[in-house]
Amino acid sequence: MADSPEPPRLLDRVRHAARTRHYSRRTEDVYVDWIRRYILFHNKRHPSAMGADEINAFLTYLAVERNVSASTQGQALSAILFLYRRVLQEEIADLGDIVRASKPRRIPVVLTPDEVRRLIAAMKGTPRLVAALLYGSGIRLMESLRLRVQDLDFARCEILVRDGKGAKDRRTMLPAVIAESLRSHLLSVKALHEVDLDDGFGRVYLPHALAVKYPAADRQWRWQYVFPAPRRSVDPRTGIERRHHLDESAIQRPVTRAVKAAKIEKPANCHTLRHSFATHLLESGYDIRTVQELLGHADVATTMIYTHVLNRSGAKGVKSPADALGLGAGGWGGDEGP
């Protein structure tokens, strides 16, 4: 009689549950990593032998000993609850008084229009095009890299952002100033796609429901990524060789170099261009609800943060009393002594 196969390991079960629910590869990897850390923290005890007290202890450790951010602690909690509810089929009772990581209210870094101009001028090629798109449309970096050809509506100057943060679709503007550059870029992308098709490839990742409903769609031009990777790669889940979108680092690194080359003395990155987009729209007089919709914020309170960085005279638009004295620019060196 043949030996019965060994049951799948716990972390393999976690991956299977994540894939069954069509979670992204990134979410799957993050959940597995947090669950592994949770188990190691408790000396490799099996999660089924633990519960609310052990979860509370781990989350408190993250906040007190590791000093993680509130979002990181929340991510760890989501992973652990996924383990118990979706894999072990156990409901967790009240977790008690978790020591919550502090969530500081930080004002976002925003570039001036001149700084944005200098940053983009210091870039070239596809990274420059993506940076201009981030600032011109306010989309997130991963939203830009996941764009498909059919998501660009040149006639209406619109971009359809599919499955954005919060699993929501939205529309935002396609900047007219980069429309022709985008058209030229797509001609090169289409030529690359045709080479892939001639070589027997040309397939692209599609969400599971679409892949099942339209089995031939993954070779169609309209479903290809606007910003494809320079090389094909093998999907570790399916073993299919296909061309994915650009990796984030292909844009992040050029932006970091451009910030330095443009002599911008701010901790700017790709997301700073989104912050700058929102702030500059508000400075131009656009309604905050309009900006909220363009950014895809669920709550207008999130968009309100940009009202704190508007380009006004002084903090919160208040003019310093020293400025009202008209003392001039001289005499502030301090060389007269105390």
Side-chain angles (χ1 to χ4, degrees), residues 12 15-16 18-30 32 123-134 136-137 139-155 158-164 169 174-175 178-258 270:
D12 290 336
R15 290 192 180 278
H16 177 74
R19 294 176 189 183
T20 300
R21 290 164 177 79
H22 312 306
Y23 285 17
S24 70
R25 177 64 186 272
R26 176 176 300 187
T27 301
E28 175 187 319
D29 290 341
V30 167
V32 167
M123 302 177 70
K124 59 183 180 180
T126 299
R128 179 178 182 175
L129 186 57
V130 174
L133 188 62
L134 297 180
S137 63
I139 60 180
R140 301 174 178 89
L141 176 57
M142 283 308 301
E143 290 174 344
S144 71
L145 298 182
R146 289 172 177 161
L147 286 174
R148 313 284 180 142
V149 172
Q150 64 182 348
D151 298 334
L152 303 180
D153 189 336
F154 289 97
E158 285 185 349
I159 296 173
L160 173 60
V161 179
R162 300 175 186 270
D163 197 22
D169 293 354
L174 193 164
I178 65 170
E180 284 308 309
S181 295
L182 265 176
R183 288 181 189 274
S184 298
H185 170 78
L186 289 178
L187 290 176
S188 300
V189 175
K190 189 170 187 179
L192 181 64
H193 176 56
E194 289 172 351
V195 169
D196 282 346
L197 289 174
D198 290 341
D199 291 343
F201 298 98
R203 301 174 68 176
V204 70
Y205 166 79
L206 292 181
H208 181 73
L210 287 173
V212 172
K213 188 174 182 180
Y214 306 110
D218 58 358
R219 289 184 173 88
Q220 293 175 359
W221 165 237
R222 64 191 183 96
W223 281 107
Q224 303 305 306
Y225 287 115
V226 174
F227 301 108
R231 298 179 183 85
R232 295 188 299 267
S233 58
V234 176
D235 187 329
R237 290 182 173 181
T238 63
I240 298 173
E241 182 176 339
R242 52 194 173 196
R243 196 175 295 276
H244 203 50
H245 59 66
L246 275 178
D247 186 75
E248 290 169 285
S249 61
I251 309 300
Q252 291 168 334
R253 290 171 183 167
V255 167
T256 300
R257 291 194 295 266
C270 291

Original post:
Given L141 and V130, is the side chain to side chain contact (heavy atoms under 4.5 Å, CB included) satisfied, shown in steps?
Top reply: CA-CA 8 Å; L141 176 57; V130 174; 4.3 Å; yes

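- With hydrogens and angles disregarded, a donor-acceptor distance shorter than 3.5 Å links the side chain of S24 to the backbone of T27.
- D153 meets the salt bridge (Lys or Arg N to Asp or Glu O under 4.0 Å) test with no other residue; sequence neighbours excluded.
- Within a 6.0 Å sphere centred on CZ of F154, heavy atoms belonging to other residues, nucleotides or ligands number more than 12.
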**OP:** With side chain to side chain contact (heavy atoms under 4.5 Å, CB included) as the test, would you mind laying out the steps for Q252 and V255 before giving the verdict?
**Re:** CA-CA 5 Å; Q252 291 168 334; V255 167; 5.9 Å; no

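- Taking every heavy atom of both residues into account, M123 and A258 meet most closely at CG-CB, 3.4 Å.
- At least one side-chain heavy atom of P230 sits under 4.5 Å from a side-chain heavy atom of L246.
- Listed by chain and number, the residues in a ring-ring contact (aromatic ring centres under 6.0 Å, His included) with H244 are Y225 (sequence neighbours excluded).
- Checked by atom type and distance alone, the side chain of H185 never pairs as donor or acceptor with a backbone atom of F227 at under 3.5 Å.
- In this structure, CG on L133 lies 4.0 Å from CD1 on I139, to the nearest 0.5 angstrom.
- For the pair K124/P254, no side-chain contact is recorded, criterion being any heavy-atom separation below 4.5 Å from C-beta on.
- In this structure, CD in E248 is found 7.0 Å from CG in L145, a value given to the nearest 0.5 Å.
- One finds the CG atom of L174 at 11.5 Å from the CG atom of L160 (value rounded to the nearest 0.5 Å).
- In this structure, the salt bridge (Lys or Arg N to Asp or Glu O under 4.0 Å) partners of R242, at least two apart in sequence or on a different chain, are D235.
- Going from atom CG of L152 over to atom OG of S137 covers 10.0 Å, rounded to the nearest 0.5 Å.
- Nearest approach of L134 to S144, heavy atoms of both residues: CD2-OG, 3.8 Å.
- Side chain of D151 to main chain of R148: a donor-acceptor pair is present (N/O by atom type, distance under 3.5 Å, no hydrogens or angles).
- Shown here for V226 and P228, the closest heavy-atom pair between the two residues is O-CD, 3.2 Å.
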Original post:
Could you go step by step and tell me if V149 and W223 meet the side chain to side chain contact (heavy atoms under 4.5 Å, CB included) rule?
Top reply: CA-CA 6 Å; V149 172; W223 281 107; over 6 Å; no

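- Under the rule for a salt bridge (Lys or Arg N to Asp or Glu O under 4.0 Å), R231 has no partner lying at least two apart in sequence or in another chain.
- Around the CZ atom of R19, the shell of radius 6.0 Å holds more than 12 heavy atoms that belong to other residues, nucleotides or ligands.
- Here the CD atom belonging to E143 is positioned 10.0 Å from the CD1 atom belonging to I159, to the nearest 0.5 angstrom.
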**OP:** Step by step, work out the side chain to side chain contact (heavy atoms under 4.5 Å, CB included) result for V234 and I240.
**Re:** CA-CA 5 Å; V234 176; I240 298 173; over 6 Å; no

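- For the residue pair R222/Q220, the side-chain donor-acceptor check at 3.5 Å is satisfied.
- Of all heavy-atom pairs spanning C270 and I251, the tightest one is SG-CG2, 4.0 Å.
- Checking S181 against S184 by side-chain atom types alone, no donor-acceptor pair falls below 3.5 Å.
- By the salt bridge (Lys or Arg N to Asp or Glu O under 4.0 Å) test, R15 is found to be paired with E28, D29, residues two or more places apart in sequence or in another chain being considered.
- Across all non-hydrogen atoms, the minimal contact from P215 to D218 is O-OD1, 3.7 Å.
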**OP:** Decide ring pair (Phe, Tyr, Trp, His ring centres under 6.0 Å) for Y205 and H245; before the verdict, give the C-alpha distance in whole Å, the side-chain angles of both, and the deciding distance to 0.1 Å.
**Re:** CA-CA 9 Å; Y205 166 79; H245 59 66; 9.2 Å; no

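- For the pair R243 and F201, the NZ or CZ position fails the cation-pi test of under 6.0 Å to the six-membered ring centre and within 45 degrees of the ring normal.
- Atoms CG and NZ, from L206 and K213 in turn, are 13.0 Å apart once rounded to the nearest 0.5 Å.
- Every residue was checked against the side-chain hydrogen bond (donor to acceptor under 3.5 Å, both in side chains) condition with E194, not counting sequence neighbours, and none meets it.
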